[in-house]
Amino acid sequence: MNIEQHITTATIAAVKHLYDQEIPENQVSLQDTRAEFEGQITIVVFPVVRFSKKSPEVTATELGEYLVAHIEEITAFNVVKGFLNLTVADSYWLNLFNQKLLSPDFGAVPANGKKVMVEYSSPNTNKPLHLGHVRNNLLGYSVAELLKASGHEVYKVNLVNDRGIHICKSMLAWQKWGNGETPESSLLKGDHLVGKYYVIFDKEYKKEIEALKAEGQTEEDAKKNAPLIKEAQKMLLDWENGDEAVMSLWKTMNGWVYDGFAVTYKTMGVDFDKYYYESNTYLLGKGTVEEGLEKGVFFKKPDGSVWIDLTADGLDQKLVLRADGTSVYITQDLGTAQMKHDDFQMDDSLYVVGNEQDYHFKVLFLILEKLGKTWAKGLHHLSYGMVDLPSGKMKSREGTVVDADDLMAEMVETAKQKTEALGKVNDFSEEEKENLYQNIGLGALKYFLLKVEPKKRLLFDPAESIDFQGNTGPFIQYTHARIKSLLGKAGYDPVKGGAKNIVLTGTEREMIMLLAKYPAELIAAAKVYSPASLANYLYEVAKLFNKFYHEVPPIVKEEDEELKHHRLNISAVTAGILKSGMRILGITVPERM
RNA sequence: GCAUCCAUAGCUCAGCUGGAUAGAGCAACGGUUUUCUAAACCGUAGGUCAUAGGUUCGAAUCCUAUUGGGUGUACCA
């Protein structure tokens, strides 16, 4: 039993003994004692006052006396207004450290038997990935890793949007103006090459619209009548009919994109257990619509279109099948949700998708619930905010996007410059150096994007480079590298186990308390699907360690062997947590930097 | 219009199921290296927690309204 549980139980007993009242456990409110007061754990006594019928000060004092008398580890108390500050014996903290934190499986949360799917990335195959996708990918990856680390069995899946009118636009433009250009001939990455034609399409399309407007058509008509868009629509129909030439072009160009994506994914360090392709799933969902009609959840309008009325739930009427019997977006998603569940039988399913689709997922989940899918309650939309530039939104057609590949390359380059300026790794081989720059540059980027709460929008200023100091990825990486260097120089031997007979410094005690929270932090962060929460915790750990490191005389030179070993133990546990926590964020911590 | 999210220091962000004098980083200013990596540490300065009510012993946190901003509201995806 840990000390917090012990205190809670004893407080309940104390209230019974002192005031003959039954206080519910949730009324016993514990918190860490603020640094300016004596003690480590504080009971907020206001809730207890209701049972004691005495003033907060008197209640706190009586409670304090009882706890000191009944709990061996509590050696003293003080009362400040309505707060009862308890001093826990160093022997308890040292024991906690030696028994729990030093154990090799510390931080490993046991499996909880729950299966969860995380769908993320889900790119379109008509253009390369940009900064917005980067946030999606890092978030999806790290949430999946976080869920794994907190005991879930996790499947990462990627639902690729590989068909549709936007894909045809790139294909058509390439056919018309590409002159047979390939990634090999142009030396362009496949996804960038295809994206180039997507932009060309848009440019030519706009020209046609302008021309038609000059002939007197309205903007709306012009958009519909432009020959290019008609051709693209024709191409989409041909694709749906399996036209050989179109299919062949589609496969070729998508192949280029996949080659390009594979490189980007590899650099980002994300992976998937399974890919779904919309070209295989876009016809799904019609069965679900039938099912809904039979169950009376959906209704048919005279023109044959199928709807669901969600006005009673504060939403609107929603179309689920067109009058001509073809699918809309939500039709596919209904079918795909069913298929994913049939494939994996997971308990929970996460969709990592931007907040512009909040309404869509609300509707989707509600429909599945109304259809009586028992698994619908396990569906969750992990909604995240847009990444904005100082100039506003990124628009791929207007060329104001921050390209993922470019950005990552720039980050690595910046890492290189900063590292070279410090001149600490001149003895590294070229390969080691490249590896290090990669880790630091991407570490800075990933931490920058992940430390912000997912639902908040994120401002990225390309003119202002991402920091490498303070609350950043490199700061945490540096702390880790520094510890590793320390352990090496001091000849740290983990086998020696825990040190006894040590007097803890205040910061050491704080370290132990903070480090001990790691497993609870993992579970809490996973529960709210927030890598940001973990990121901030890791920052606290690194910051406190650095304080400790500066406060204490050089550990390497410490003559008291037991004290030296103890401080190395604290350092080693810190390094272990930083490493495993950062790995969950998708960030590699170097041994040296 | 309706729905929904956001609003905390000059800037970027923390702030757990309501709890003590609201915390970090960056930027600014001042200090720390004959000591284990100064990508570090210590200090100074910086706030009517958008506004107004309400609930409560206690509100940045919960409720209501208002203001400002984002997003959505297609037989697009």
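Computed from a predicted model, the values in this text were never measured in an experiment. Within every chain, numbering begins at 1; the chains are lettered A, B, ... in the order of the sequence lines, protein sequences first and strands thereafter.
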(request) Output yes if the stacking criterion (under 5.5 Å between centres, under 30° between planes) is met for A/Phe475 over the base of B/A40, else no. (result) no
(message) Do A/Glu540 and A/Glu521 have side chains that approach each other closer than 4.5 Å (heavy atoms only, starting at C-beta)?
(response) no
(request) Indicate whether A/Phe83 forms a stack on B/G19; treat it as stacked only if centroid distance is below 5.5 angstrom and interplanar angle below 30 degrees. (result) no
(request) For residues A/Thr33 and A/Gly39, report the shortest heavy-atom separation together with the two atoms involved. (result) CB-O, 3.5 Å
(request) State the OH-CD1 distance between A/Tyr447 and A/Ile587, to the nearest 0.5 angstrom. (result) 8.0 Å
(request) Give a yes/no verdict on base stacking between B/A3 and A/Tyr359: centres under 5.5 Å, planes within less than 30° of parallel. (result) no
(message) Any side-chain N or O of A/Arg34 below 4.0 angstrom from OP1/OP2 of B/G23?
(response) yes
(request) Compare every heavy atom of A/Ser383 with every heavy atom of A/Gly354, then report the nearest pair and how far apart it is. (result) C-OG, 4.4 Å
(request) Hunt down the Watson-Crick or G-U wobble partner of B/G47, both distances under 3.5 Å, from any strand shown, or write none. (result) none
Nucleotide N/O of nucleotides 7-9 of chain B paired with protein N/O under 3.5 Å:
unit_1 : atom_1 : unit_2   : atom_2 : d
B/A7   : OP1    : A/Lys456 : NZ     : 2.9

(request) Go through the N and O atoms of the side chain of A/Asp324 and the base of B/C75, and report whether any donor-acceptor pair is under 3.5 Å. (result) no
(request) Using heavy atoms to find the nearest nucleotide of RNA chain B for A/Asn124 and A/Ala415 separately, return the residue whose nucleotide is more 5′. (result) A/Ala415
(request) Decide if the gap between the ring center of A/Tyr275 and the ring center of A/Phe261 is smaller than 6.0 angstrom. (result) no
(message) Looking only at the side chains, is there a donor atom on one of A/Arg457 and A/Asn355 sitting less than 3.5 Å from an acceptor on the other?
(response) no
(message) Here's a test of your reading of the structure: between A/Lys455 and A/Leu458, which maps to the more 5' nucleotide of RNA chain B?
(response) A/Lys455
(request) Locate the shortest heavy-atom distance separating A/His566 from A/Ala499; write the atom from each residue and the value. (result) CB-CB, 3.7 Å
(request) Scan every strand shown for a Watson-Crick or G-U wobble partner of B/C41, both distances under 3.5 Å, and answer none if you come up empty. (result) B/G31
(request) Could you identify which residues of residues 520-535 of chain A place a heavy atom less than 4.0 Å from some atom of RNA chain B, listed by residue number, or say none? (result) none
(request) Just say parallel, tilted or perpendicular for the rings of A/Tyr518 and A/Tyr537, cut-offs at 30° and 60°. (result) parallel
(message) Tell me whether the side-chain N or O atoms of A/Thr472 pair up with the base of B/A39 as donor and acceptor below 3.5 Å, since no angle test is needed here.
(response) no
(message) Tell me the interatomic distance from A/Leu486, atom CG, to B/A40, atom C1', rounded to whole angstroms.
(response) 14 Å
(message) Measuring only between side-chain heavy atoms, which start at C-beta, is A/Ser122 closer than 4.5 Å to A/Asn161?
(response) no
(request) Can you check whether any acceptor in the base of B/A20 is under 3.5 Å from a donor in the side chain of A/Thr42, or vice versa? (result) yes
(request) Return no unless some side-chain N or O of A/Arg482 is found under 4.0 Å from OP1 or OP2 of B/A38. (result) yes
